[in-house]
Amino acid sequence: MAKMKFRPLHDRVVVRRVDSEEKTAGGIIIPDTAQEKPQEGEITAVGSGARDEAGKIIKLDVKAGDRVLFGKWSGTEVKLNGEDLLIMKESDIMGIIG
C-alpha cells in the first residue's frame with residue numbers, strides 16, 4: 001500500500017507527540033493510564049500560511065522538524081498511517097524548543 005501524504009491547510013500544523021518519561025525521579029514506574037499526555041512534540045508538516053486582509057500569504061514561524069511546546073488541550077487528535085498525530089493552528093503553539 002502506498003504511503004499517504006498529508007499537508008495541512010493554511011495556518012495549521014501536524015505534530016507528533018514526544019514520548020514522556022515513564023519513571024519518576026525516584027524510579028517509580030508510572031502506568032500508561034496514569035500518565036499525562038506530553039505537551040511537547042515535533043512538527044511533521046506545515047500549511048502554506050494564513051492570509052492577511054489584502055489576501056497576501058503570511059508564512060508560518062515554525063517548520064517541519066521543529067520541537068515545540070503546546071497547550072494541554074490543544075489540537076485535534078487524528079490517526080494517519082496508523083500513527084497518532086495532532087493537527088492544530090500555529091497560534092496553539094507556545095514556543096519552539098532550542
Item to check | Criterion salt bridge (Lys or Arg N to Asp or Glu O under 4.0 Å) against D11, the qualifying member of K59, R51, K89 | outcome: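 Per the salt bridge (Lys or Arg N to Asp or Glu O under 4.0 Å) rule, the option paired with D11 is K89, out of K59, R51, K89.
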
Checklist entry - Only one of E42, E77, E83 clears salt bridge (Lys or Arg N to Asp or Glu O under 4.0 Å) with R17; which? => result E77

Quick check on side-chain contact (heavy atoms from CB on, under 4.5 Å): which of [options] does [X] satisfy it with?
X: V46; options: D61, V62, V14; result: V62
X: L85; options: T76, L80, V15; result: L80
X: V68; options: V18, I97, V13, I43; result: I43

Checklist entry - Which heavy atom in D92 sits nearest to a heavy atom in G75, and how many Å separate them? => result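 So the two residues come closest at OD2-N, 4.0 Å.
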
Checklist entry - What is the minimum heavy-atom distance between G71 and M94, and which atoms define it? => result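 It is N-CE, 3.4 Å.
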
Item to check | Minimum side-chain heavy-atom gap I87-F6 below 4.5 Å | outcome: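 When only atoms from C-beta onward are counted, F6 and I87 do touch, with a gap below 4.5 Å.
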
Item to check | Side chain proximity check, L86 to F70, heavy atoms < 4.5 angstrom | outcome: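 Heavy-atom side-chain distance check passes, below 4.5 Å.
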
Next on the checklist: Rounded to the nearest 0.5 Å, what separates atom OG in S48 from atom CZ in R7?
Outcome noted: 6.0 Å

Item to check | Point-to-point distance, once rounded to the nearest 0.5 Å, from CD of E40 to CG of L69 | outcome: 5.5 Å

Next on the checklist: Working note: K63 + D66, criterion salt bridge (charged side-chain N to carboxylate O under 4.0 Å, His left out); need CA distance, chi angles, decisive distance, verdict.
Outcome noted: CA-CA 6 Å; K63 62 186 180 307; D66 283 347; 3.1 Å; yes

